[in-house]
2 protein chains.
Amino acid sequence: MSKIRAGDSSGVDAAPKRDFGERILAMAERLAAHSDSPSGLECTVLRPAHRATAADLLAWMGEAGLSAAIDGIGNVVGRLPAANAAVRTLVIGSHYDTVRNAGKYDGRLGVLAGLAVAEELARRNVALPFHLDVVAFAEEEGVRFLTAYLGSCAFTGRFDPEWLERHDDDGVRLADALAENGFAPTAIPSLSRRSDLAAYLEVHIEQGPVLIAEDLPVGIVSSIAGAVRHAVVITGVAGHAGTVPMSLRHDAAAAAAEIVLLVERRCAAAPGLVGTVGRLAIPNGALNVVPGRCEFTLDIRAVDDATRDAASADVLAEIDRIAARRGVSVDIREIGRSPAVACAPRLAAAFEQAIGRAGLRPFHLVSGAGHDALQFDGICDMAMLFVRCGNGGVSHSPLETVTAADVDVAARVLLDTILVLAESWRSGTPVITA
Amino acid sequence: MSKIRAGDSSGVDAAPKRDFGERILAMAERLAAHSDSPSGLECTVLRPAHRATAADLLAWMGEAGLSAAIDGIGNVVGRLPAANAAVRTLVIGSHYDTVRNAGKYDGRLGVLAGLAVAEELARRNVALPFHLDVVAFAEEEGVRFLTAYLGSCAFTGRFDPEWLERHDDDGVRLADALAENGFAPTAIPSLSRRSDLAAYLEVHIEQGPVLIAEDLPVGIVSSIAGAVRHAVVITGVAGHAGTVPMSLRHDAAAAAAEIVLLVERRCAAAPGLVGTVGRLAIPNGALNVVPGRCEFTLDIRAVDDATRDAASADVLAEIDRIAARRGVSVDIREIGRSPAVACAPRLAAAFEQAIGRAGLRPFHLVSGAGHDALQFDGICDMAMLFVRCGNGGVSHSPLETVTAADVDVAARVLLDTILVLAESWRSGTPVITA
């Protein structure tokens, strides 16, 4: 069978409508069966469910006709190679790790959309002017090691060697977890920055209510909000719950409670600003002991960095005042910072063209969540396509839903966007440099 | 050697001063070497450190000349029997379990003072008109199974069979933990109420600053504050930390934070009232997830029940208002309630007499903490002797301290109080009915 050139219309409608959607949802369902928790979906980096998920993805990529392998941190990479080995690569990616008690679509939907579309391109024998890599990133959520984007940072050559020393809640170092999984920890930081990438596209559930309100199955991301993250430890004085008068207490949890409400209040004060204390614990707490220590995380995001930094500065200054007033000490460590990043207008225009060709209204929206796409900023052009979720847009929860019809639209738009990019190359005005 | 009758002065000063104190502190030090945590003292019921501690106590009781055994829940009981087997029993007790990251003296000091004094009575061959039982209770702190007084309730025949179904954080039922330790769970609730007890005395560190302020090594407890304890679960809506606007959140941890501050504020409003949120957790929390669930404990105490109940009612009503305003649901379960209990004036008078004979000022104070002594209310007369702690009276903390000199005074007062009780019996006006 001879290769069909991208842009040829033959075979484009060979697959019956909704085929992509139902197939992708079935695969997401199957991946969700791998969990490290009996009570909900939990797939954190380098644990058993994670290995089982990677194994499924690797097998599926092979069956789809891709040349597939697992890289040195657990990213699953499947390539549909161009005829000319010297061309650059278009990457379609997202992550396969999850939060705890997660939904089935955060991250995985983008991986599986990429996989289904690449499979379709392989099936149609389409000749692309660039290599097409479908990548399932090993870690984006930051659950296990209180970091994030481990997979995409390793893939792009931006992995910080310090991360290898981070510990999980059981005291296991990332370096040791990698070694236990058969990976060479020291090999990852030594990877150099990728210069062979033409562009990065990511399909992702919106995780918010905007597309519901717009009555649209998909939307084009214009930019991704920046985040700043801190780990905070309050040290007060432990004491007996029955004998230390209220006036003499230095209760670490009460100080933390005051800070939680401060974050809530300050981050409600500007539109597009959000602040979250997502982890909070009294280590070794007992019902009859005044808490002497309290640990929590702080995550502040905004669409523009100035808004975010002003809120973060206000919160940190007020934490110091609360600590001084209560006679507790505070240790605050910045554990992550990402600037707000704009998506490439040329790629957004390609999405717009494909959406228009599908008879839909192109709509642009902002991402409040960070995504693997962030790690491609400065490496190559990147853009994202959001898919409408149900249940009011809830995510990071078992209530996360998408419809097969919306997923089908997203996959078809992704497929057509790849064809648009290929066409532009053929027409002599390439959107991306292959 | 013929028995010396209680009240004979011969041999009373045979032991050099501070012998008791240094010996007791050395034993406390040795017990503190058994811990289930590498980073501090942790001895919770039916775990390895607990078994090792019981084994030491059993051996020491045997060496002290007591007839010693471990009962069906892990209480270590050593008896100095009276010549007449039909008489009733004076119990000297306290507990040997600890909180997490505990001090060395909470509970154990009273056990070891009883042990040292019984050893001295055995050494002097004193004939008592009652059996003397030294009891190390297996559990008082309520850490592992969110209950408390398991040891003294089993000992007095007040064990609630429902407790056998309680689970620890690992999902282990108390019944199974007992069976694993070779105990028969069903045997404990079937024990009938003790009617053979003459009185109960307990020596305990004060765990507060009053005796420091009074410049006294020991004080007589007049009454023990009552406590009411609740376990609270807040259920909100989990969501993505980057995409759910602040105005649409139902953050379970923010609701809990508001409640923590409410408890702090309300319980500061009356003297002798204290309120504590000692455990607080966001199960499966992640830094980028709006908390959908938050669990915490609530402990409110006061010297009089009316003050405590008024505060508890206000807090529970306000929790409902907070939950309604925030659109979260609340499950509140009462997990413990003990009324304020007065110590027996006749026993307090015996302590007073012994303290006076030691050349010290008798001083009465209230206990803000609950103690095993509470479980003897309604069973037999009970009284307590507090020992001054250092470091401002801190307890439930590695900073807990006592001096050998103060402990020596406490043990001598305990010894002399037993002799006072014995004398009263001989003189025909017994303070306790043997």
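This is a predicted model, so every value here is computed, not measured.
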S.K.: Testing the basics here: between A/G275 and B/R249, what is the closest heavy-atom pair and its distance to 0.1 Å?
M.R.: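 Between these two residues, the closest heavy atoms are O-NH1, 3.1 Å.
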
S.K.: Among the options B/T297, B/T276, B/L273, B/V210, pick out the one with the most heavy-atom pairs lying under 4.5 Å from chain A.
M.R.: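 That would be B/T276.
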
S.K.: For A/I335, is it the side chain, the backbone, both or neither that has a heavy atom under 4.5 Å from a heavy atom of chain B?
M.R.: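 The answer is the side chain of A/I335.
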
S.K.: Taking side chain as everything from C-beta outward and backbone as N, CA, C, O, which of these in B/T243 sits under 4.5 Å from a heavy atom of chain A? Side chain, backbone, both or neither.
M.R.: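 Contact with chain A is through both the backbone and side chain of B/T243.
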
S.K.: Does atom CZ (B/R333) have a neighbourhood of more than 12 heavy atoms from anything else shown, all under 6.0 Å?
M.R.: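 12 or below, so no.
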
S.K.: Taking only residues two or more places apart in sequence or in another chain, which ones pass ring-ring contact (aromatic ring centres under 6.0 Å, His included) with B/Y149?
M.R.: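 Listed in chain order: nothing, the list is empty.
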
S.K.: Looking only at heavy atoms and a cut-off of under 4.5 Å, which of A/I259, A/D251, A/L287 has the most pairs with chain B?
M.R.: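 Greatest number of close heavy-atom pairs with chain B: A/L287.
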
S.K.: Under a 3.5 Å distance rule, please check whether B/N288 uses its side chain to pair with a backbone N or O of A/E141 as donor and acceptor.
M.R.: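 Yes, because the side chain of B/N288 sits within donor-acceptor range (under 3.5 Å) of the backbone of A/E141.
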
S.K.: Tell me, for B/V289 versus chain A, whether the close heavy atoms (under 4.5 Å) come from the side chain, the backbone, both or neither.
M.R.: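 Both parts, heavy atoms under 4.5 Å.
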
S.K.: Tell me the ring pair (Phe, Tyr, Trp, His ring centres under 6.0 Å) pairs involving residues 254-276 of chain A, sequence neighbours left out?
M.R.: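 Output for this query is empty, none listed.
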
S.K.: Under 4.5 Å from any heavy atom of chain A, what part of B/V394 do you find: side chain, backbone, both or neither?
M.R.: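 Interface part for B/V394: side chain.
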
S.K.: Looking at A/E258, A/R100, A/Q207, which makes the most heavy-atom pairs under 4.5 Å with chain B?
M.R.: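 Between A/E258, A/R100, A/Q207, the count favours A/Q207.
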
S.K.: For chain B, which of A/A286, A/C294, A/G208 has the most heavy-atom pairs under 4.5 Å?
M.R.: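 Max contact count across the listed options: A/A286.
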
S.K.: Can you tell me which portion of A/E206 sits under 4.5 Å from chain B's heavy atoms? Options are side chain, backbone, both or neither.
M.R.: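 For A/E206, the backbone is the part near chain B, not the side chain.
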
S.K.: Quick check for you: among A/G142, A/G292, A/C267, A/S397, which has the greatest number of heavy-atom pairs under 4.5 Å with chain B?
M.R.: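 Among A/G142, A/G292, A/C267, A/S397, the one with the most close pairs to chain B is A/C267.
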
S.K.: Counting heavy-atom pairs under 4.5 Å to chain A, which of B/S367, B/A257, B/G239 comes out on top?
M.R.: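 If we count pairs closer than 4.5 Å to chain A, B/A257 comes out on top.
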
S.K.: Looking only at heavy atoms, which two atoms of A/V260 and B/A253 are closest? And how far apart?
M.R.: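 Closest approach of A/V260 to B/A253, heavy atoms only: CG1-O, 4.2 Å.
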
S.K.: Counting heavy-atom pairs under 4.5 Å to chain B, which of A/L261, A/V237, A/D299 comes out on top?
M.R.: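 With the most close heavy-atom pairs to chain B, the winner is A/L261.
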
S.K.: For A/H240, enumerate each residue passing the ring-ring contact (aromatic ring centres under 6.0 Å, His included) test, keeping only those at least two apart in sequence or located in another chain.
M.R.: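 Here the qualifying residues are B/H396.
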
S.K.: Is it the backbone or the side chain of A/V143 that comes under 4.5 Å from a heavy atom of chain B, or both, or neither?
M.R.: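 Side chain only.
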
S.K.: Counting only non-hydrogen atoms closer than 4.5 Å, can you tell me which residues of residues 225-236 of chain A sit against chain B?
M.R.: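 If one takes a 4.5 Å heavy-atom cut-off, the residues of residues 225-236 of chain A near chain B are A/R229.
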
S.K.: Let me see the working for A/V244 and B/V274 under side chain to side chain contact (heavy atoms under 4.5 Å, CB included), right down to the final yes or no.
M.R.: CA-CA 8 Å; A/V244 184; B/V274 286; over 6 Å; no

